[in-house]
Amino acid sequence: MIGNGDNMNFSYELKHVCAQTGARYGVLHTPHGDVETPMFMPVGTLATVKYLSPEELLGAGSGVILSNTYHLWLRPGPNVIATMGGLHRFMNYPGPILTDSGGFQVFSLSEKRKITEEGVEFRSHLNGDRLFLSPEKSIELQNAFGADIIMSFDECPAYPSTYEYMKQSVERTLRWAKRGQDAHQNPNQALFGIVQGGDYEGLRSLSAQSLAEMDFPGYSIGGTSVGEDKPTMYRMIDYSVRYLPTNKPRYLMGVGSIDAILEGVARGIDMFDCVLPTRIARHGALMTSQGRVNIRDAQYEMDERPIDPECDCETCKHYSRAYLRHLYKCEEGFGKRLLSLHNIRFLIRLTEQIRQAIQEDRFGDFHADLVRRYGFDQPGSRGF
RNA sequence: GGAGGGGUAGCGAAGUGGCCAAACGCAGAUGACUGUAAAUCAUUUCCCAUCGGGUUCGGCGGUUCAAAUCCGUCCCCCUCCA
């Protein structure tokens, strides 16, 4: 069996734990290079981070980027990607790539689905085709795509779910993880197990401990950012992390708001991914050191300042809010590109600062400063 | 000069006696977006205001319990004929 915790082509090196907090600084060694953690991974569902070129992503300091098994399965299909030399060559991204298993799509975009022990039957969102995804099928697809890091096929249950439902779901997802592990054959791909269990500590610990016993090269925390409030999410993270081995990376799936990244890092999370920065950028919302900026707002009509005076991204170096607002209102693609680039760079730079702070044993102070700056501790704050 | 059509909120456009402060689209304003079915979604745009009230449908004058809707008249626009 290949793809277990001793995978020779992939490893995690824990370099330093912040003396103030449980935050970890580490390095992920992958077949496509080493990347430092904690890190933020931009999402490129369809083998493209919408509007951004790989060159721009790398310029913004990207390490790992994501793509999606379900979407690539439907288009262009595994044969095309495999024939074209795998995902890296196909999309011309030289760095590490991670693919999600498709589990999330099955549970997020198909209301009529049938879950059985074997897998999930559901409908294509494109044409209604009857589809069937199983742990083995997901691995087979991900093997064909060739990402450096791949995910177990899991169920991402709704929040809230009853304890009874969550229990049987968690147990089945564990069995699926084992099946995926058995099916996985590519030594250049690290298969992560995914912790589920909602906000039930007993189920989170069952999930995490069982996965840890299976010895994966990394562990994902799933089932978060599905409608629960922030304190609940943080509790879910606590319930999961405390049962995971310290010598393997922890990936908090689908989390990318500033406050949640900070809280995750404080709890020992190493990897984050999220569509948030790119999606809200396309919709005109920017993450800045001063707080959130909606570039469409009339107050920026003649504002010659950059989005964020503290930002070093190409957008902030060269373009005014007034121009970006103009592009946004005219629905110009160039505007979406510039705004996406800024938000991506903002989060990546945030993680650079986080890594620095951890290495200097001051992440607690760094975190507290940002909480104060953004008012995350103020009543009514939703974070962002 | 003759015949016909038309003037509705920032623009376009429904409505042709009461359920109309007036559909809908655009434009404007504000907010949202968390393992991407997302260039999407929500709210809002006559005036004052919390309920609620006050002024609107080219102008003026009528009919009616009630008019954007019916009548008279005036102004303006478009098409065709001379």
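Below, chain A is the first sequence line, B the second, and so on; all start at residue 1.
Across all strands shown, A23(B) has no partner, as no Watson-Crick or G-U wobble contact with both distances under 3.5 Å is found. As the counterpart of A3(B), U79(B) is assigned, both hydrogen-bonding distances of the Watson-Crick or G-U wobble pattern falling under 3.5 Å. A29(B) and U43(B) make up a base pair, with Watson-Crick or G-U wobble contacts both under 3.5 Å. Across all strands shown, U63(B) forms no Watson-Crick or G-U wobble pair with both key distances under 3.5 Å.
Of the listed nucleotides (U34(B), A38(B), A37(B)), U34(B) has the atom at the smallest distance from the side chain of Lys230(A). Closest to the side chain of Lys329(A), from the set G35(B), A29(B), U30(B), is A29(B). The nucleotide whose nearest atom lies closest to any side-chain atom of Arg382(A) is, among A29(B), G35(B), A32(B), A32(B). The side chain of Asp297(A) sits closest to G31(B) out of G31(B), A39(B), G35(B). Taking the side chain of Lys50(A) as heavy atoms from C-beta on, and the options U34(B), A29(B), U36(B), the nearest nucleotide is U36(B). Here the side chain of Asp273(A) is nearest to one of A38(B), G35(B), C33(B), namely G35(B). Checked against U40(B), U36(B), A37(B), the side chain of Tyr328(A) finds its nearest nucleotide in U40(B). Among the nucleotides A37(B), U34(B), U30(B), the one closest to any side-chain atom of Gln105(A) is A37(B).
Taking atom CD1 on Ile295(A) and atom C1' on A29(B), their separation rounds to 16 Å, with Å as the unit. The interatomic distance linking Ile261(A) (CD1) with G35(B) (P) rounds to 12 Å, in whole Å. Between Phe376(A) atom CZ and U34(B) atom P the separation is 16 Å, expressed in whole Å. To the nearest angstrom, P of A32(B) lies 6 Å from CG of Asn294(A). In this structure, Tyr251(A) places its OH atom 15 Å from P of U34(B), rounding to the nearest Å. When rounded to the nearest whole Å, the span between OH of Tyr159(A) and P of U34(B) equals 17 Å. When rounded to the nearest whole Å, the span between OH of Tyr51(A) and C1' of U40(B) equals 12 Å. Taking atom CG of Leu276(A) as the reference point, atom C1' of U36(B) lies 11 Å away to the nearest angstrom.
Glu301(A) comes within 4.0 angstrom of no nucleic acid atom, judged by non-hydrogen atoms across all strands. Using a 4.0 Å heavy-atom cutoff across all strands shown, Thr278(A) reaches at least one base atom of the nucleic acid. Residue-level contact check: Gly256(A) touches the bases, meaning some heavy atom is under 4.0 Å from a base atom. Among the atoms of the strands shown, base atoms are found under 4.0 Å from some heavy atom of Ala285(A). Heavy atoms of Arg337(A) sit nowhere under 4.0 angstrom from any nucleic acid atom. Residue Leu66(A) is classed as a sugar-phosphate contact, given heavy-atom separations below 4.0 Å to backbone atoms only.
Taking atom C1' on both U16(B) and A27(B), the two are 28 Å apart, rounded to the nearest angstrom. Only the P atoms considered, A14(B) is 14 Å distant from G58(B), to the nearest whole Å. Here, G59(B) and G7(B) have their P atoms 13 Å apart, quoted to the whole Å. For the P atoms, the distance from C46(B) to G61(B) is 26 Å, rounded to whole Å. Spacing between A37(B) and U30(B) at atom C1', rounded to whole Å, works out to 27 Å. Here, U69(B) and G17(B) have their P atoms 11 Å apart, quoted to the whole Å. Rounded to the nearest Å, the gap between the P atom of C57(B) and that of A23(B) is 16 Å. Rounded to whole Å, the P atom of A13(B) lies 15 Å from the corresponding atom of C26(B).
Across Leu28(A), Asp270(A), Ile348(A), a single residue satisfies side chain to side chain contact (heavy atoms under 4.5 Å, CB included) together with Met39(A), and that is Leu28(A).
With no hydrogens or angles considered, a side-chain donor-acceptor pair links Glu13(A) and His29(A) at under 3.5 Å. Using modelled atom types, one finds no donor on one side chain facing an acceptor on the other under 3.5 Å when comparing Gln181(A) with Asp215(A). A donor-acceptor pair shorter than 3.5 Å can be found between the side chains of Ser62(A) and Tyr93(A). The closest side-chain donor-acceptor pair between Asp154(A) and Thr173(A), if any, does not fall under 3.5 angstrom. Side chains of Tyr300(A) and His326(A): a donor-acceptor N/O pair is absent below 3.5 angstrom, by distance only. No side-chain N or O of Asp308(A) forms a donor-acceptor pair with one of His342(A) less than 3.5 Å apart.
No donor-acceptor contact under 3.5 Å links the side chain of Arg279(A) to the base of U34(B). Donor-acceptor pairing under 3.5 Å, judged by distance alone, is absent between the side chain of Arg292(A) and the base of G31(B). Within 3.5 Å, no donor on the side chain of Asn68(A) pairs with an acceptor on the base of G35(B), nor the reverse.
A sub-4.0 Å separation between OP1 or OP2 of C41(B) and a side-chain N or O of Arg282(A) is absent. For the OP1/OP2 pair of A37(B) and a distance below 4.0 Å, the side-chain nitrogens and oxygens of Ser108(A) include at least one atom meeting the criterion. Note on Thr45(A): a side-chain N or O is less than 4.0 Å away from OP1 or OP2 of U36(B).
Each of Met151(A) and Arg325(A) lies near RNA chain B, and the nucleotide nearest Arg325(A) is the one positioned closer to the 5' end.
Aromatic rings from Tyr328(A) and Phe334(A) are positioned such that their centres are separated by 6.0 Å or more. His125(A) has its ring centre less than 6.0 Å from the ring centre of Tyr70(A).
Residue-nucleotide stacking is not present for His71(A) and U36(B), judged by a side-chain ring centre under 5.5 Å from the six-membered base ring centre and planes under 30° apart.
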